[in-house]
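The structure appears right after this line, and notes come after that.
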Amino acid sequence: MASQDQFQRFIFEHSQIRGAWVQLVDSYNEIGNQAPYPASVRQLLGQTLVASVLMSSTLKFEGRLSLQAQGEGPLRTLMAECSHDRNIRGLARFDAPAAAANGLNELLGDGRMAITITPEQGQRYQGVVPREADSLAGCLEEYFDRSEQIATTLILFADERRSAGLLLQRLPGSSDTDNELWERINHLAATVTEEELLGLDSEVILNRLFHEEEVRIFEPDPVAFSCSCSRERTLGALKSIGKDECYSIIEEQGAIEMDCQFCHAHYQFNRNDIDHLFTGHSLH
C-alpha cells in the first residue's frame, strides 16, 4: 500500500548509521494552497517542510523544530515547522519576480537561514545555517557537519503535488566497517530519482536502494498539517505589543483584528477583551 503523509525511521543493523524517510501529499497541498505560490516557491516550501520533519526526528525531547529564512531576493520569508508528534505548518512570502526565479540562491539572494528548536521544557535554541551550498539540502548538510559534527546526507524533492525526502546520518562511535558502509550507502542513495522518491512508498524505495544491506525499518508515523494558533496565543501576542498600543488600535478602529499567517484563522478582540487582558476583568 502506498504511503502518503508518512514518516519512517530505519537503521542499518550492526552499525552507527541511521536514516529516515518522509513523503507528503495532503499536508503539502493543504499548506501549498494557502497562497498563490509560483511553482519555484511552492516546491522550495515543499522541500523545507520535508526537511523540518526529517530534522525534527533527530531530537530526543518533546517540542518543535522550525527552519526559517529571511531573503533579500524575491523570496522574502520562508518558514516550516514540525512538532515532535509530526504536525507541520509552513508559509512563504514573495514578490512577483519569484515566478521567474529558480533555486535556493536565486530566490533568497543573500538572505539568512536559521534552525530554531523550542522544547516544551527547557531553553529555546537557535543555530545559523550556512548559505554556501546552492541547494537547501546542501546547506543543511553543512549545518549538521559544522554545528552538530554529525555526517549527514539529505535528499529533498518536491513537485506541484508531492514532496519527499531521505536522511542518512552517521553517528559518533562509528567503526572502520561503518566507514565502508557509509560510503557505500551514500553512493546508492545518490542514484534515487525524483520520480522514485516522490512516487514510491518507503519499503519499495529502501529495498531498491539498499537490498544488499541489513536494514531494519520501524513502524511509520502519520504526518499532518496542524496550526498551533488559538485565541489564547493571539492574546498573548497582543500582550507583548503593550497596553498603550492595543488601546490605541481600539480607539482608532473599534476592535483589533488578527489573521493567522499559517491557516488564515480570523480573531477579533473588542475593548472588553483588552480590558480583561491587561487588568484581569472588564472595565466597560
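Just so you know, these numbers use all the heavy atoms, side chains as well, and skip hydrogens, waters and symmetry mates.
No single ILVMFWY cluster, assembled from side-chain heavy atoms under 4.5 Å apart, contains both Y125 and V128. Note on L171 and I11: separate hydrophobic clusters, where clusters join Ile, Leu, Val, Met, Phe, Trp and Tyr whose side-chain heavy atoms are under 4.5 Å apart, directly or indirectly. In the hydrophobic clustering of ILVMFWY residues, with side-chain heavy atoms under 4.5 Å counting as a link, L59 and V50 come out together. When the side chains of ILVMFWY residues are joined at heavy-atom separations under 4.5 Å, either directly or via intervening members, W21 and V204 end up in a single hydrophobic cluster. Placement of L277 and I241 within a single hydrophobic cluster is found when ILVMFWY residues are connected by side-chain heavy-atom separations under 4.5 Å, directly or transitively.
Each of E160, R161, Q34, R42 was evaluated against N29; a single residue qualifies, R42, per the side chain to side chain donor-acceptor pair (under 3.5 Å) test.
From L209, atom CG reaches atom CG of L197 across 8.5 Å, with rounding to the nearest 0.5 Å. Summarising the geometry, atom CG belonging to D26 is positioned 4.5 Å from atom CG belonging to D5; distances are rounded to the nearest 0.5 Å. For the atom pair CG of N102 and CG of L107, the computed distance is 7.0 Å after rounding to the nearest 0.5 Å. Within the model, atoms CG of L200 and CG of L206 stand 11.0 Å from one another, a figure rounded to the nearest 0.5 Å. If you take NE2 on H187 and CZ on R184, they are separated by 11.0 Å, rounding to the nearest 0.5 Å. Distance check, rounded to the nearest 0.5 Å: CG of L54 to CG of L140 gives 9.5 Å.
Side-chain contact annotation: R18 with Q169, donor-acceptor N/O pair under 3.5 Å present. Using modelled atom types, one finds a donor on one side chain and an acceptor on the other under 3.5 Å when comparing R131 with N105. In summary, the side chains of T193 and E195 do not present any donor paired with an acceptor at a separation below 3.5 Å, with no hydrogens or angles considered.
Shown here is E212, whose CD atom has no more than 12 heavy atoms of other residues, nucleotides or ligands within 6.0 Å.
Taking both residues in full, the closest heavy atoms of L75 and F94 are given as CD1-CB, 4.2 Å, listed atom of the first, atom of the second, then distance. Heavy atoms only, all atoms of each residue included: Y28 and A158 are closest at OH-CB, 4.1 Å. Pairing each heavy atom of L154 with each of A137, the nearest pair is O-CB, 3.4 Å. The minimum heavy-atom distance between R89 and L49, with the atom names listed, is O-CD2, 3.6 Å. Nearest approach of E106 to A101, heavy atoms of both residues: OE2-CA, 3.4 Å. When every heavy atom of Q16 is checked against every heavy atom of P172, the shortest pair comes out as NE2-O, 3.1 Å.
Checked by atom type and distance alone, the side chain of D134 never pairs as donor or acceptor with a backbone atom of L104 at under 3.5 Å. D145 places no side-chain N or O within 3.5 Å of a backbone atom of E141 that could act as its donor or acceptor partner. With T153 contributing its side chain and L168 its backbone, the two residues share no donor-acceptor pair below 3.5 Å. A donor-acceptor pair under 3.5 Å is formed between the side chain of N270 and the backbone N or O of N272. Formation of a donor-acceptor pair under 3.5 Å by the S40 side chain with backbone atoms of P38 is not found in this model. No donor-acceptor pair under 3.5 Å is formed between the side chain of S56 and the backbone N or O of R86.
Proximity of W182 to I185: side-chain heavy atoms (C-beta onward) are separated by under 4.5 Å at one or more points. The side-chain heavy atoms of F269 and I249, taken from C-beta on, include no pair separated by under 4.5 Å. Residues S15 and T177 form no side-chain contact, since every pair of their non-hydrogen atoms from C-beta on lies 4.5 Å or further apart.
Among residue pairs with one or both ends in residues 209-231, those qualifying as ring-ring contact (aromatic ring centres under 6.0 Å, His included) are F12-F210; sequence neighbours excluded.
With a 6.0 Å cutoff to the six-membered ring centre and a 45° limit on the axis angle, R162 does not count as a cation-pi contact of F157.
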Step-by-step side chain to side chain contact (heavy atoms under 4.5 Å, CB included) determination, V41 to L44: CA-CA 5 Å; V41 174; L44 182 56; 5.9 Å; no
